[in-house]
Structure formats: C-alpha cells, structure tokens
Enquirer: 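Here's a structure for you.
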Number of protein chains: 2
Amino acid sequence: MVTLKDIAKHANVSICTVSKYLSSSMVVKKETEQRIQLAIKELGYVPNVVAKALKRMETSNIAVILPKINNLYYSEITSGISQTLGKYHYNLYIYEVDNLQLSEEEILQLMRENMIAGIIFIGLFADQTFQESINNIAGWDIPVVYANRYISNTSYPLVYPDLVQAGEIGTKHLLEKGKERLAVVHKGLREEILHSFLEGCQKAGGKHLPIVMEINDDMDLVNDFVPQLLAQKIEGLFTLNELSAVYLAKALQKADIKIPQDIAVLSLGNSVMSEISTPELTCVDLQNRELGMKSAELILSQIRKEAYEPVTVLEPFIVKRHST
Amino acid sequence: MVTLKDIAKHANVSICTVSKYLSSSMVVKKETEQRIQLAIKELGYVPNVVAKALKRMETSNIAVILPKINNLYYSEITSGISQTLGKYHYNLYIYEVDNLQLSEEEILQLMRENMIAGIIFIGLFADQTFQESINNIAGWDIPVVYANRYISNTSYPLVYPDLVQAGEIGTKHLLEKGKERLAVVHKGLREEILHSFLEGCQKAGGKHLPIVMEINDDMDLVNDFVPQLLAQKIEGLFTLNELSAVYLAKALQKADIKIPQDIAVLSLGNSVMSEISTPELTCVDLQNRELGMKSAELILSQIRKEAYEPVTVLEPFIVKRHST
DNA sequence: TTGTAAGCGTTATCAG
DNA sequence: CTGATAACGCTTACAA
C-alpha cells in the first residue's frame, strides 16, 4: 500500500507537507506541488479514509435503516437519499431491519461501533423507546432524521408528507368527480396518521364523512370486502396504501364493478405500480424521492452544525389517471 | 468516548488483556473476566471498528454497485445480498451509478479509499475495461463478484440465471398452450444475452423459430408495435423485460386483443409487477433474491480465501398465471 | 496468565 | 512555507 510517507519520501518533503497540501489547508511552492503531484501519480497513491476517520474521529458514512429495500416505497426514498449523499461524497449504508433481526439497542450499538456520521430512519420506531435508547448510550450525540414518521417530542428533525393536505386534495378530487359516498381504506395504519388523513378529508367538504375501512392480507377482497362496499353504497375509494389500491381495483373488476363509473379508486403513493395497474390509478403523489433528498440534507446540516427546521412537510399533489 | 484503555484501567489489567479477552483469543482468569465485564458495563464500552480496521488493514464493508436502487429487479437482488451479509455481520454500502456519475476508475478509487472488503457489481460494466482498470491499481487485489453479467475472461466469479433454460422452459410452456408463432421481445438487450435466450427457445422445439423484435421507450406500442404483431400473426410473446411485458399486455388489450386467447404474454422476471398486472402475467422467475444471496456468499468465500466456483448458474422456473 | 511496546495511515499542534 | 512529533483506538509480537 502506498502511503503518505512514501509520497513524502519520493517528493523529498515531510509527510505533513503532503497531508496539508492534499487537504488544501496549506499553500505550497509551485515546485513542491509539482514534486508531490508527480510522486502521487508515479506511485499510484490512494488516500486511506479509514485512517483519516480514526484520526478525525468522524466518518462520511450515513446509515439508512428501513424495513426492506425491495419495496418501491422505501427504495424510492432511499434513491433520493443516495442522490444527495453522492453529491457531497458521503457513503450510504443500508440496514434492512426485517433481515437483520436486531433490536433498536443493538442497531444503535452497530452504528456507534462503525462511527456512523448520521442515521436516517425510514418509517420505523414510532414510539418513544428509541429516543430513550439513544440517550442511554452515554454521551453519544449522533445526527438522526426520521423520514416518514409522525413523532412528537423528539429533538431530531422530521420529514414527512402533509397527510392532511393529501386527504384534502384526494377527497376534493373525488367530490369533483361526483363521488359523494367515500370510503378510506387502510391496512393497519396507526390511529394518529389515520386521524390526520381524515382531518383532510373533512376539510374538503362534502355531504358525508368518509367511512373508514380496514383490510388485511388474509381478507378475501372479492367475496368479503367488495360486498361491504356495495352494501354501504360506496362511490369512491381512497386507499392509503398503493399496493392495496391495485389489489382492490382488481377485486372490484372481478366483481364486475366498473372503475370509475361505479366506484372510483384513488391511491396514495405514485410508484410504477399505480401506473401499470388496470385501469391506471389516479393517485396522490407523496414525493418520495424529494423526501429522501430532504432527509439527506437534514443529516448533512446536523453534521455541519448548521441550523435546520425541526419539521419539514412535503406538499403532496394529485396525478390524474383513469381510475377516478 | 470509552476506550479499551479506560476499561483496562477500571479493571486493573492491561489493554492487551482486555483486547485479547474480547476477541476471545485468550482465556483469562474467572476473576479477571468478571472485572472486565463489570468495567464494560459500568463505563458503557463500545468497540471502535474503525480503529480495528486500520490496524488489521481490513474492513467488514461490502459495496454493491448498481444502476439504481428504485427498481425492483435490482432491489430484490440487493435484499438477498443484505440478508446474507447481515447474517455474517458485514455492512452493506450502496452506490447508485446513475446518481453518482462517476467513471469506473473513480468508483474503484472510492472503493479503495474506503478499504472496501469486496465489491458486487449488479448488471454493470459488461466489457473488459473494468478488469483492466482494476489491474491498473497497483497491487490491489480485491474480492469482486459479477451478479447478472455474462462476461468471459474474468478471474472473478460470475452468478447469473440460466438464460438458455429460461428460454427453453418459457418456449415450452407457450408451445404447450398451443402457441406456435412466437416473438421474443426485448429492449436493447446485448447480442450475446439474446443469443443464449434464443438457443433455449430453439431447444424447446416447435415448428418455427421465434421472431426477435426490439422495442424502445419512444415507441408507440398500440399504434406501431401491435400492428406488427398482427401482421406477423404472432400467437405468443416472450418479453425479456418484466416492465415491458406489463406495458405490452396493456397495449394489446387497448387494441382489443385478448390475452391469452389471441396472444399469450410471458414475462421474464417475477416481481410484484407481473402479479399486479391485468391479466396477471405468467413469468419465468429468475430467482433474484437467491442470486443476491449467492453473490454475497461468493464475496465472503473470497474474503476467507476459501475455494469457490467460478460460475454459478441459477435455475429459473415458471410461475403460471393468467396471461398464457 | 498477563504486560510492554510498536505500529496501522492519517491529522494536528507547535516550533522553526 | 516546512518539519518533527504526538496522538486516534486497536491488534499483536514478544517478554515476563
């Protein structure tokens, strides 16, 4: 391995001169510069960031912790993070919690062992316990961003889409399409999140409040769920999970219900899935890539000890297709 | 930060005793062990893997280099890699080439700066140039795995699905369904890959050889491509790209062609996309997760200096749904 | 069974 | 402008 020492010897200067020159924290004589450059080229020097990290007690590694990466929702956010981090020459670690099977405490220990510069949690650790865990590790003060989490009482920045507005613009759209009796369908969504949503639906006006219906993976959509919709005379479905929206659209059609004439389907989230569904689903775009980019920026702000907003809310927008 | 030194002092032993005890490379007296354990607990010691890496000149970080992570094809492979690496306590770096905009040479430099323990390339750098680049970096011998690449003359292990067999079982399936006039549709696929495929199609028998048709993103599928299919009296479509298969199915239906009665559609790759398409697509599963897991194992074998097979071929299998 | 001491490659503090 | 020299936290001969 070629080290600074080798370069220094080859260029007839001290190690420190080379180091300072390379980190551009010192101006050197033209002639010295040339000798150093030559040595670097001739010997094929590659700096060692591990040594640098040890000395500076700080790495350029950011960890993203998420349930699973093979899910478009998470991978789009991650791609946004990667885009911004790449621009600033930070590296990106991925930890899939579903695969790792580690507790919060263990994950934090892992982060610390590796001298991670910052952690972005995507949709995880909703409750207060993590905040406590992190305080348990004596004197450890690490930048953290919660992406897509709605937590109160945290000292770390939050980034999430405006669910109230998502509910409002979605509902408004359905109302404009003449759909009055609406159902909000979700799959195990937490109470507070659902509540924000419904607040938005309410703001949109409309004669009736939407009915809330929960589904799960074991349910027989065609034989159990669709009949419920018909019994309630539902005209529009606002599905709070993109994949579920696709499956619901399939189920409706299997039951010979026309989309959007009989029942309109609106999904939350705008990945290819909405686009390739039949019919192509109108959806509320939550701006996942932007969410990721913003999360990365917030981590970098913390690392640089700059000021940052404690809460960043992204504006969702509607993408009109053929299901409404 | 609590270091080994602190633990040693607190437990009244030498640094080296603690270090060796922790790496279980030494047996210590029961009493010493207790004192060390107590110190670790009381002071809240967390080992520093960066320091360890510098000393040992070796990290536990594996880099995955791929075009983009927000693509189910790549993210499923990545999840497989993550699963295996997690089991062996290796960390996973992700580098998205589309975002990074770095040359091969620069990527390699980055890997080396960070003392990456191994690199997995997914579907990239098809040609010989990378092999040369890596040799250019003087005396650098790093474990590499090419996942989903069909390269000859490489000293690194290759993992890929058996395309000949994929072609064969797909074609056989279409023939069994009574489809005789087949077309293989691809999007900018390289000649050799296409060739393996067609070899498989041929092995399946059938009266006619499949026609090869290429599509691209600018094409008007409904008005340009579908008429071509009709003109050629095509009865079955073997689409070598899952997303394209979905779009083709959509285009066919828009042109009032019944799937599978008029034309059957078979896709290559089995992500949710095939499943949520209408009709649900029959496909040849390429075992992406297994591909990832195997790639990770091959990297680990190289790191451990164990023997490994130079080429691993995964057996694809057919998943029957409603489009054939 | 335990301790001493020399590094890994870099940065940083001083002094010239 | 340049150069000694001391760390950063850990591993590992080699001694005791």
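Here the structure is a predicted model, which means the values were calculated and not measured. Below, chain A is the first sequence line, B the second, and so on; all start at residue 1.
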Enquirer: State which residues pass ring-ring contact (aromatic ring centres under 6.0 Å, His included) with Y308(A); sequence neighbours excluded, sorted by chain then number.
Expert: none

Enquirer: Using five base pairs at each end, measure the axis-to-axis angle across the helix from dT1(C)-dA16(D) to dG16(C)-dC1(D) and round it to 10 degrees.
Expert: 40°

Enquirer: Near DNA chain C, counting only heavy atoms under 4.0 Å, which residues of residues 52-62 of chain A show up?
Expert: K52(A), K55(A), R56(A)

Enquirer: Rounded to whole Å, how long is the line connecting atom CG of L43(A) with atom P of dG9(C)?
Expert: 14 Å

Enquirer: Rounded to whole angstroms, how far apart are CE on M1(A) and C1' on dG9(C)?
Expert: 7 Å

Enquirer: Identify each atom pair where a protein N or O and an N or O of nucleotides 2-5 of chain C are less than 3.5 Å apart, giving names and distance.
Expert:
from, atom 1, to, atom 2, distance (Å)
dT2(C), OP1, T32(B), OG1, 2.6
dT2(C), OP2, K29(B), N, 3.2
dG3(C), OP2, S14(B), N, 2.5
dG3(C), OP2, S14(B), OG, 3.3
dG3(C), OP2, T17(B), OG1, 2.8
dG3(C), O6, K20(B), NZ, 3.0

Enquirer: Give a yes/no verdict on a cation-pi contact between R190(B) and Y150(B), requiring under 6.0 Å between NZ or CZ and the six-membered ring centre and an angle within 45° of the axis.
Expert: no

Enquirer: Under 3.5 Å, sequence neighbours excluded: what are the donor-acceptor pairs made by side chains of residues 42-52 of chain A?
Expert:
from, atom 1, to, atom 2, distance (Å)
E42(A), OE1, H10(A), NE2, 3.2
N48(A), OD1, V50(A), N, 2.8
N48(A), OD1, A51(A), N, 3.0

Enquirer: Looking at L4(B) and S19(B), what are the two nearest heavy atoms and their distance?
Expert: CD1-CB, 3.7 Å

Enquirer: For residues Q37(B) and Y21(B), is any side-chain donor paired with an opposing acceptor at under 3.5 Å?
Expert: yes

Enquirer: When all nucleic acid strands are considered with a 4.0 Å heavy-atom cut-off, which category describes Y45(B): base, sugar-phosphate, or nothing?
Expert: sugar-phosphate

Enquirer: Taking only residues two or more places apart in sequence, or in another chain, which ones meet Q287(B) in a side chain to side chain donor-acceptor pair (under 3.5 Å)?
Expert: none

Enquirer: State plainly whether the residues K294(B) and E309(B) are in salt-bridge range, i.e. N to O under 4.0 Å.
Expert: yes

Enquirer: Among all residues two or more places apart in sequence or in another chain, which pass the ring-ring contact (aromatic ring centres under 6.0 Å, His included) test with Y95(B)?
Expert: Y93(B)

Enquirer: In terms of side-chain heavy atoms, does Q109(A) have a donor or acceptor partner in E113(A) at a distance below 3.5 Å?
Expert: yes

Enquirer: Excluding sequence neighbours, so at least two apart, what forms salt bridge (charged side-chain N to carboxylate O under 4.0 Å, His left out) with E315(A)?
Expert: none

Enquirer: What are the 5'-most and 3'-most nucleotides of DNA chain D lying under 4.0 Å from any heavy atom of chain A?
Expert: dC1(D) to dG9(D)

Enquirer: Rounded to the Å, how far apart are R35(B) CZ and dT1(C) P?
Expert: 15 Å

Enquirer: Tell me, which pairs form a salt bridge (charged side-chain N to carboxylate O under 4.0 Å, His left out) where one or both residues lie in residues 15-35 of chain B, sequence neighbours left out?
Expert: E31(B)-R35(B)

Enquirer: Applying side chain to side chain donor-acceptor pair (under 3.5 Å), name anything that partners Q83(A), two or more places apart in sequence or on another chain.
Expert: R289(A)

Enquirer: With sequence neighbours excluded, what pairs up with E106(A) under the salt bridge (charged side-chain N to carboxylate O under 4.0 Å, His left out) test?
Expert: none

Enquirer: Just how far, in rounded Å, is P of dG9(C) from CE of M115(B)?
Expert: 9 Å

Enquirer: Under 4.0 Å, counting only non-hydrogen atoms across every strand here, what does T3(B) touch: a base, just sugar-phosphate, or nothing?
Expert: sugar-phosphate

